[in-house]
There are 2 protein chains.
Amino acid sequence: MESKDLKQAGLKATVPRLKILKFLEESKVRHMSAEDVYKSLLDSGEEVGLATVYRVLTQFESAGLVTRHHFEGDHSIFELNDGEHHDHILCVKCGRVDEFVDDVIEARQAAIARENGYSMEDHSLYIFGICSDCQSKK
Amino acid sequence: MESKDLKQAGLKATVPRLKILKFLEESKVRHMSAEDVYKSLLDSGEEVGLATVYRVLTQFESAGLVTRHHFEGDHSIFELNDGEHHDHILCVKCGRVDEFVDDVIEARQAAIARENGYSMEDHSLYIFGICSDCQSKK
DNA sequence: CTAGAAATGAGAATCTTTCGCATTTAGATC
DNA sequence: GATCTAAATGCGAAAGATTCTCATTTCTAG
């Protein structure tokens, strides 16, 4: 029963929130914009207002249920948080997204923050490149 | 004569482009939005259209004269390219921005791209934290 | 100096996201 | 289960950033 997740997160278990959470959990696509979520829900016959999708995703972010990315800079992309932190590597040709974790980089970031007198709160790292598929298609 | 820079970059040396380039070179602030550039120019009595500022900054980016950042995700921030690549560490309280270069991270990124079958084109790394000033002000 | 291509400026248009507010709903209490 | 109140929703309007359109101006090659 997913409503537990919402309650735990301090959010009332409303119909729109449950729909959105369920959709994120069941979607095979891991990275989606608010518009993507909205349209996909409409397509499956689920009525939710676009403004609500934006609001709910922002609340989910605050609650730690999803992470907001700025892959391209313009619009936000959301990803369901399932466990451990990871960074992303994206193909600039086809838009493919892969995930990775690198302890060396994680450690260096913390050290750099320290060296500069900062207490680290967060970080964002994206590697852009051309994936193997797109390289061979060249 | 700055018009050389523009010619080299394959851009016609027009008045607006020269004004914007000169402004970027002389500004003590290194990171600015298009709006910032526009308003600052207006304040110094230089007439340039906002649309032109956007166009020119985008052209400068393509020409490699400036780098576009997405610090906060919504609007673009531009920085004049003066030589070596560097990454950024930002204070989430006061907006301060510091720069750093870390060879270990650079090397790991290239390795990660390779391990994932990507040819690396670019990367963006931002560390978010609280700077020393803001920590003591707490 | 002149012509043609490229660039500019001003405002309209677009896109993404947020806001305002009247209506509905979750969930605590009776 | 009925009731109440704060919180949430949905809609359309509004906002902010950026791009587009197109008439006018300006480079720059010849």
Side-chain angles (χ1 to χ4, degrees), chain A residues 1-23 31-42 44-63 65-78, chain B residues 1-23 31-42 44-63 65-79 95:
Chain A
M1 187 177 278
E2 303 93 335
S3 62
K4 288 238 182 69
D5 302 329
L6 291 176
K7 294 275 182 57
Q8 270 174 223
L11 297 170
K12 267 207 299 203
T14 65
V15 172
R17 295 214 262 239
L18 286 169
K19 280 183 185 169
I20 293 170
L21 182 56
K22 183 161 179 288
F23 172 72
H31 305 95
M32 282 176 291
S33 68
E35 191 83 26
D36 291 338
V37 173
Y38 171 68
K39 283 185 179 152
S40 300
L41 284 172
L42 281 196
S44 14
E46 305 286 2
E47 294 290 328
V48 186
L50 177 57
T52 300
V53 173
Y54 275 100
R55 271 186 299 235
V56 168
L57 287 172
T58 300
Q59 293 157 352
F60 282 6
E61 182 193 13
S62 302
L65 293 175
V66 305
T67 299
R68 181 192 300 261
H69 296 288
H70 304 288
F71 288 157
E72 296 144 68
D74 37 355
H75 57 314
S76 293
I77 297 290
F78 297 88
Chain B
M1 191 176 275
E2 301 93 336
S3 61
K4 288 239 182 70
D5 301 331
L6 291 177
K7 294 274 181 60
Q8 270 175 223
L11 297 170
K12 263 204 308 202
T14 65
V15 171
R17 296 214 262 239
L18 286 169
K19 279 183 186 171
I20 293 170
L21 183 56
K22 182 161 182 287
F23 173 72
H31 306 94
M32 282 175 292
S33 68
E35 191 83 27
D36 291 338
V37 172
Y38 172 68
K39 283 184 180 154
S40 300
L41 284 172
L42 279 198
S44 12
E46 305 286 2
E47 294 290 328
V48 186
L50 178 57
T52 299
V53 172
Y54 275 101
R55 272 186 300 235
V56 169
L57 287 173
T58 300
Q59 293 157 350
F60 282 6
E61 182 194 12
S62 302
L65 293 175
V66 305
T67 298
R68 182 193 299 261
H69 296 289
H70 304 288
F71 288 156
E72 297 143 67
D74 37 356
H75 57 313
S76 294
I77 296 291
F78 298 88
E79 170 178 27

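Below, all heavy atoms of this structure are taken into account, side chains as well, without hydrogens, waters or symmetry copies. Remember, it's a predicted structure, so these values are computed and weren't measured experimentally.
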Can you name the closest pair of heavy atoms from A:Ala63 and A:Leu11 and give their distance? CB-CD1, 4.3 Å
Would you check if B:His70 and B:Ile77 make a side-chain contact, meaning some heavy-atom pair closer than 4.5 Å? no
Testing the basics here: between A:Tyr38 and A:Gly49, what is the closest heavy-atom pair and its distance to 0.1 Å? CE1-C, 3.9 Å
Minimal non-hydrogen separation, B:His69 against B:Glu79, with atom names: NE2-OE1, 2.8 Å
Rounded off to whole Å, could you give me the CG-to-P distance for the A:Leu6 and D:dA8 pair? 11 Å
CG of A:Leu42 versus C1' of D:dC11: gap in Å, rounded? 14 Å
In whole angstroms, the gap separating P of C:dA7 from CG of B:Leu21 amounts to 16 Å
To the nearest 0.5 Å, what is the distance between OG on B:Ser40 and CD on B:Glu35? 10.0 Å
Nearest-Å distance, CG (B:Leu18) to C1' (C:dT8)? 14 Å
For B:Tyr54 and D:dT18, is the shortest distance between a side-chain N/O and OP1 or OP2 below 4.0 Å? yes
According to a strict under-4.0 Å criterion, is A:Ser76 in side-chain N/O contact with OP1 or OP2 of C:dT16? no
Can a side-chain donor-acceptor contact be found between A:Thr58 and A:Arg55 if the only test is distance below 3.5 angstrom? no
To the nearest Å, give me how far apart CG (A:Leu50) and C1' (D:dA13) are. 14 Å
Rounded to the nearest Å, what distance is computed from the NE2 atom of residue B:His75 to the P atom of nucleotide D:dA15? 18 Å
State which of C:dG11, D:dT9, C:dT18 makes the closest approach to the side chain of A:Arg17. D:dT9
In B/S/- notation (B base, S sugar-phosphate only, - none; protein heavy atoms under 4.0 Å), nucleotides 21-30 of chain C written 5' to 3' is -----BS---
Go nucleotide by nucleotide along DNA chain D from the 5' end; which of B:Ser33 and A:Tyr38 gets its closest nucleotide reached first? A:Tyr38
By nearest-nucleotide position on DNA chain C, the 5'-leaning member of A:Arg68 and B:Val48 is B:Val48
Rounding to an integer number of Å, can you tell me how far A:Glu35 CD sits from C:dT17 P? 8 Å
Need to verify one output field. Residue with the more 5' nearest nucleotide on DNA chain D, B:Ala51 or B:Pro16? B:Ala51
Residue pair B:Val48 / B:Pro16: nearest heavy atoms and the distance that separates them: CG1-CB, 4.2 Å
Find the distance A:Lys39:NZ to C:dT16:P and express it as a whole number of Å. 8 Å
